[in-house]
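Data block below; observations after.
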Amino acid sequence: MIMDENDKKVMRAFAKQYKNVAAASTEIINLQSIMNLPKGTEHFLTDIHGEWEQFTHVLKNGSGSIRRKIDEEFGNTLSNKDKKSLATLIYYPEEKLEIVQREEDNIEDWYKISLHRLVQIIKRVSSKYTRSKVRKALPRDFSYVIEELITEKEEILDKEAYYNEIIHTIIRIGRAPQFIVALSRLIQRLVIDHLHIVGDIYDRGPGPHIIMDTLCAYHSVDVQWGNHDMVWMGAASGHLACIANVIRMAARYGNLATIEDGYGINLLPLATFAMEAYEGVDTEVFAIRYNTDYNTKDLSLDTKMHKAMAIIQFKLEGQLIMRHPEFHMEDRLLFNRIDYEKGTVDIEGRQYQMLDMDFPTIDPGHPYELTEEENKVMIRLQRAFLKCEKLQRHVRFLYAKGGMYKIYNGNLLYHGCVPMNPDGTFAEVEIAGRPYKGKALYDILEHYARRGYYAKDGAERSAGQDMMWYIWNGKGSPVFGKEKMATFEAYFVAEPETHKEKKNAYYQFLEQEEVVIRILEEFGLSSRDAHIVNGHVPVEQIHGESPIKCGGKLLVIDGGFSKAYQKKTGIAGYTLVCNSRGMRLVAHEPFESTRAAIRNESDIISDMVEVETFPRRKLVADTDIGRELKESIYYLEELLEAYQDGTIIEAEV
């Protein structure tokens, strides 16, 4: 056979791994068999906003996937009560075991029944995977025993007795609780093959650091950056304006503990400065929006810190906007539009009365200059953010597993929008003096975001960090998707018309098929069977809005994970599940607590909608992995032919 140079390089690489005809043949058979397995289940979540308990619960139940497997396996042979109890055991095995061990009269019988049921579920959820993949997922301590229980053994005549004896022995030697935990975690692991986070892990809720720890340990995940993720990434890079935004938002929602306890970042310099500079200062408009778990003894200090950081933020952002006229954000320069004698501010040519004029750190002649004390505070905070190992680890994970968008198995995932003009064409956005639109805009912004964290050159790194702030709240940012972020107006102006953040024209076209098709084609996807999965803007189900747009081609799955949005949306978030048979959208009710979910054996799924049922069951061959396997099979078959005709000499025959 005749090979070009590229084929020869590939052949040599494959020949090192598959050294002879037997090895190459075995791998071809193996890969071909994998191609004909059903595709794995994908799970889509977005706009989690620090709500770690609800996130954990949805992750554990696979948005109803586990309960669905229980229904499929047991049908009418189990009561609904028993199914709920089994599902809760799988979600929270340690906690459920504690309750059962206290309350169950015949614990050995309960162990036996539960173990048999768990093994049945594992057989079902593992059936779509190769033995090799299942083996890799098995917990080390019980891998051999689990493999024995889930593998059919044709050579054993009395199979039931064989399996019963294994379970009996597990109970007899006192390992049943540990085995139940291992089986439950394995079910959680196998029921979802891949997780997509479509942006906004951070802000508002109390546990983004807990969510990030969970994601870092998850078996297969990708992240599409949201604007709230980006501002934290900018803060981790040491960008002062991003740091100010992160701390101000944490203060506003009563979540400073996320920064202090969750990440171990010392806020004492800010607290000391706020107590001194804002002692006796009016802080009424900087009231904290706190949840029931907030410690109100910190309220007075946190309010002062909130105002202190807000003023610092507006100053730093003013400096940044003046440094970058190409951002076209001059309308956000509002400190210099305040009439400090009349107590008014000029917004878009109209005078509004300020709700607060008590600014001990603002020089009206130079309103965007930090005082010496403010500068010292920010330098110390910058050092703390840069040295926080946990935050840096989390942000490196976001860079490693994330991006501005993702094309996966023929679907397009992004947070926010593709910026558009009022006529439905892609809007051009000026980035570093050049116009970009559509996919090119996403790509250039991702380039800058990566340079802002990783670049060695100081000027390049600084330019990237400023762009990260722009991605957070710039009017041309795809993941922000609004004309302005009205933070200043929300604090200082009573008139509600000033608080409105006009959405990009993109949101007017979500039902227009030609526009949705244009977006898909812009990103190189076929419009026939591809979907857009979109986060960022909450779907107001309470007002009759549907997350399913354009006949199912576009799915907006932000339904209010964050408690701050739930009155507006009427639910507590949407998630999406895509398996080999189709796609279904899952609506969730507000999550009370983990304790309530365990004690009451309650779930939070309120509704499931079949978005699409595939005309035939999708196989691994139909996925991105399938395309890679096809390529490998092609080269392995070429290698096999090369071995057989002597073009390449076999080794270790």
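Source: prediction; values computed, not measured.
Heavy atoms only, all atoms of each residue included: K553 and R528 are closest at NZ-O, 3.7 Å. Residues K475 and E483 share a closest heavy-atom pair of CB-O, 3.3 Å. When all heavy atoms of R117 and L78 are compared, the pair lying nearest together is NH2-CD2, 3.1 Å. When all heavy atoms of P419 and G476 are compared, the pair lying nearest together is CG-O, 3.9 Å. Taking all atoms of both residues into account, the shortest heavy-atom contact from I197 to F55 is CD1-CE1, 4.2 Å. Of all non-hydrogen atoms in D229 and Q224, the two that sit nearest each other are OD2-O, 4.2 Å.
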Check: How far apart are the C-alpha atoms of K39 and D624, what are their side-chain angles, what is the distance that settles it, and do they pass the salt bridge (charged side-chain N to carboxylate O under 4.0 Å, His left out) test?
Finding: CA-CA 10 Å; K39 76 174 281 295; D624 295 344; over 6 Å; no
Next item on the list: Given side-chain hydrogen bond (donor to acceptor under 3.5 Å, both in side chains), test H43 with S65 step by step and report yes or no.
Entry: CA-CA 9 Å; H43 194 192; S65 295; over 6 Å; no
Notebook entry, point to check: Please walk me through it: do E601 and K96 pass salt bridge (charged side-chain N to carboxylate O under 4.0 Å, His left out)?
Noted result: CA-CA 9 Å; E601 297 185 336; K96 187 65 179 173; 2.5 Å; yes
Item checked: CA sep, side-chain torsions, deciding dist, call: E73, K69, salt bridge (charged side-chain N to carboxylate O under 4.0 Å, His left out) -> CA-CA 6 Å; E73 179 64 30; K69 294 295 182 185; over 6 Å; no
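Screening L89, I90, V119, L149 for a side-chain contact (heavy atoms from CB on, under 4.5 Å) involving L183 leaves a single residue, V119.
For the side-chain hydrogen bond (donor to acceptor under 3.5 Å, both in side chains) test, no residue two or more places apart in sequence or in another chain qualifies with R140.
One side chain, N409 or E42, offers a donor N or O that lies under 3.5 Å from an acceptor on the other. With 3.5 Å as the limit, one finds a donor-acceptor pair spanning the side chains of H588 and T575. For the residue pair T258 / H209, no side-chain donor-acceptor distance below 3.5 Å is found, with atom types taken as modelled. With no hydrogens or angles considered, a side-chain donor-acceptor pair links H394 and D213 at under 3.5 Å. When only modelled atom types and interatomic distance are considered, N534 and Y506 share a side-chain donor-acceptor pair under 3.5 Å. Looking only at atom types and distance, the side chain of H49 has no donor-acceptor partner in the side chain of D203 under 3.5 Å away. A side-chain N or O of Y453 and one of Q392 form a donor-acceptor pair less than 3.5 Å apart.
Atom-to-atom distance recorded for R204:CZ and I48:CD1 is 13.5 Å, nearest 0.5 angstrom. With rounding to the nearest 0.5 angstrom, the NZ atom of K630 is 5.0 Å from the CE atom of M35.
Ion pairing between a basic and an acidic side chain is recognised when a charged N comes within 4.0 Å of a carboxylate O; K439 and E522 show no such pairing.
Between N227 and S477, the closest side-chain pair of non-hydrogen atoms is not below 4.5 Å.
In summary, the aromatic rings of H57 and Y91 are positioned with their centroids under 6.0 Å apart. Here the two rings, on H228 and Y202, have centers that are 6.0 Å apart or farther. Within the 6.0 Å centre-distance limit, the rings of F523 and Y442 are counted as a close aromatic pair. Within the 6.0 Å centre-distance limit, the rings of W225 and Y399 are counted as a close aromatic pair.
Both tests hold for K503 against Y507: distance to the six-membered ring centre under 6.0 Å, angle to the ring axis within 45°. The side-chain tip of K618 points at the ring of F614 from less than 6.0 angstrom away and within 45° of straight on.
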Return all side-chain donor-acceptor pairs below 3.5 angstrom for residues 508-518, not counting sequence neighbours, or 'none' if the list is empty.
{"from": "E511", "atom 1": "OE1", "to": "C550", "atom 2": "N", "distance (Å)": "2.7"}
{"from": "R518", "atom 1": "NH1", "to": "G424", "atom 2": "O", "distance (Å)": "2.4"}

